[in-house]
There are 2 protein chains.
Amino acid sequence: MPRIDTKTRILDASEQLFAGRGVSGTSIRAITAKAKVNLAAIHYHFGSKESVLESVLSRRLIPLNAERLTLLEEYERRSKNNVVALPKIIEALVGPALRVSRDPKKGGGLFMKLLGRLVLEPDEKIQSLLTNQFRTVLERFMPALKKALPGLEPADFYWRLHFLVGAMAHTMADSERIQTVSGGICNPDDTEDTIKRLVSFIVAGMEAES
Amino acid sequence: MPRIDTKTRILDASEQLFAGRGVSGTSIRAITAKAKVNLAAIHYHFGSKESVLESVLSRRLIPLNAERLTLLEEYERRSKNNVVALPKIIEALVGPALRVSRDPKKGGGLFMKLLGRLVLEPDEKIQSLLTNQFRTVLERFMPALKKALPGLEPADFYWRLHFLVGAMAHTMADSERIQTVSGGICNPDDTEDTIKRLVSFIVAGMEAES
DNA sequence: TATTAAATCAAACGAATGTATGAATTACTC
DNA sequence: GAGTAATTCATACATTCGTTTGATTTAATA
């Protein structure tokens, strides 16, 4: 028996490579080489490359989305009339996603990068995979958002939700560029600082006068 | 001589396929089949697949970025003290990019989609290619933005610029999802409406109190 | 310890990839 | 219209891809 489970080794290696070179840019052989397992191990344990991606995602995404819902429910419990302030809602949505980078056991930045990039992946299977995972979260957050943003017309609501996802995904996917562009002024490793800035940007955008 | 230049046919086909399936998801053979040219034509006219992408980008990006600068300069000429209002600056930055989708001669939405997706492409060569194209634009827009946002500390400035790019890229790349998510309420084909909403979201985000 | 199930292994499969070649064809120039 | 350059063509090359096989080894069970 290896020190670490073969399945886990494959998932870890896949996560790193997918995040760094993209899904279609990563070969089965690259994964098995990095994981130091036999080439056939992927087929034996997962069945296909696509199934590996599915496992890579659900391993992190299920607890991540659960945390989002837990946070929102906690805020709702503490609130009056179940109306949570907008910054809290946004924080519950983007906070857990950005915070995974702090915990090496949760992929330490790599999974975040991967997730941010997959949002714009052309592949339809990947898209439906992500959409399904995100649906329950969205269904739960939408009513809360609508309560926090009364008077906002539906079209504006959905458009701004769209912009929100874009800002969040880009922040998750590309934590290195901002360091270069800003000449070192911005430090994406300070997760809580990043969350604070992202939340305030989004909140202002969501509350903009139309 | 064919009705349309072979080079152009290759560029058109590449643009469509790159936008739809991603760069690494598109094969040379798929391009030549769609363009109805010989397989070797790509090697003859461009030399390599990467060189094709480079041409696809520069064909649209050079006039696009020129238009951004022209707009900004026009706004500056009309302004007092060279201080342009923030909404105008943002409009000059995101407007031309989103407007290419209205003109079928400029790629009609496909190039926009491609560009939005390439922003998060892992491949380093693609990144440096995009960065180089965007650098002159950024160098020109940054002073204008700083003038329009006095008092904003540098870290906030760069972070919000980062969020801006995210919201813009996501809007460019994914014009179909919002239609689905919103149940048809949002119409991404109405370019000017999209620009208006995106600009107001970004402006509010940029001006947020920190 | 004998038997069975689970896991790993080296090796190979056919298909698809980007690239390259040299002949055949077309377009242009004098 | 002959000669030259530019282009297009069918075809092949060497890799790499995801997947599969069947034997071998390891672990669990009895």
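All figures in this text were calculated on a predicted structure; none of them were measured in a lab.
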- OP1 or OP2 of dA7(C) sitting under 4.0 Å from any side-chain N/O of N38(A)? no

- On DNA chain D, check which nucleotide each of A40(B) and V23(A) is closest to and give me the residue with the more 5' one. A40(B)

- Using whole Å, report how far OH of Y44(A) lies from C1' of dT20(D). 15 Å

- Query: Checking all strands, does L39(B) fall into the base, sugar-phosphate, or nothing category for heavy-atom contacts under 4.0 angstrom?
  - Reply: base

- Message: So, OP1 or OP2 of dA6(C): does either fall under 4.0 Å of a side-chain N or O from H45(A)?
- Response: no

- Query: Can you tell me if the side-chain N/O atoms of S27(A) get under 4.0 Å from OP1 or OP2 in dC17(D)?
  - Reply: yes

- Item | Phosphate contact (dT19(D) OP1 or OP2) by H43(A) side-chain N/O below 4.0 Å | no

- Query: Rounding to a whole Å, what distance do you find between L53(A):CG and dG18(D):C1'?
  - Reply: 15 Å

- Query: In whole angstrom, what separates I42(A)'s CD1 from dC9(C)'s C1'?
  - Reply: 15 Å

- Item | Between dT16(D) (C1') and I28(B) (CD1): distance, integer Å | 15 Å

- Query: Are any of the side-chain nitrogens in R140(B) or E76(B) under 4.0 Å away from the carboxylate oxygens of its partner?
  - Reply: yes

- Message: So that I can tick it off, tell me whether E176(A) and K113(A) are bridged by a salt bridge, with the cut-off set at under 4.0 angstrom between side-chain N and carboxylate O.
- Response: yes

- Note on the structure: In this structure, CD1 of I185(A) is separated from CH2 of W159(B) (nearest 0.5 Å) by 12.5 Å

- Would you mind checking if D12(A) and R9(A) are paired as a salt bridge, meaning a charged N to carboxylate O distance below 4.0 Å? no

- Task: Report the residue (V37(A) or R29(A)) whose heavy-atom-nearest nucleotide on DNA chain C is the more 5′ of the two.
- Result: V37(A)

- Salt bridge between E192(B) and R197(B), side-chain N to carboxylate O under 4.0 Å? no

- Item | Between C1' of dT19(C) and CD of E50(B), the distance in whole Å | 14 Å

- Round to a whole Å and report the spacing from CG of D5(B) to P of dA6(D). 15 Å

- Query: Quick one: is dT8(D) close enough that its OP1 or OP2 comes under 4.0 Å of any side-chain N or O from T6(B)?
  - Reply: yes

- Note on the structure: Here the distance between atom P of dT7(D) and atom NZ of K36(B), to the nearest Å, is 22 Å

- Task: Provide, to the nearest angstrom, the distance between the CD1 atom belonging to I31(A) and the C1' atom belonging to dC17(D).
- Result: 12 Å

- Sugar-phosphate only, base, or nothing, as touched by T26(B) at under 4.0 Å among non-hydrogen atoms: sugar-phosphate

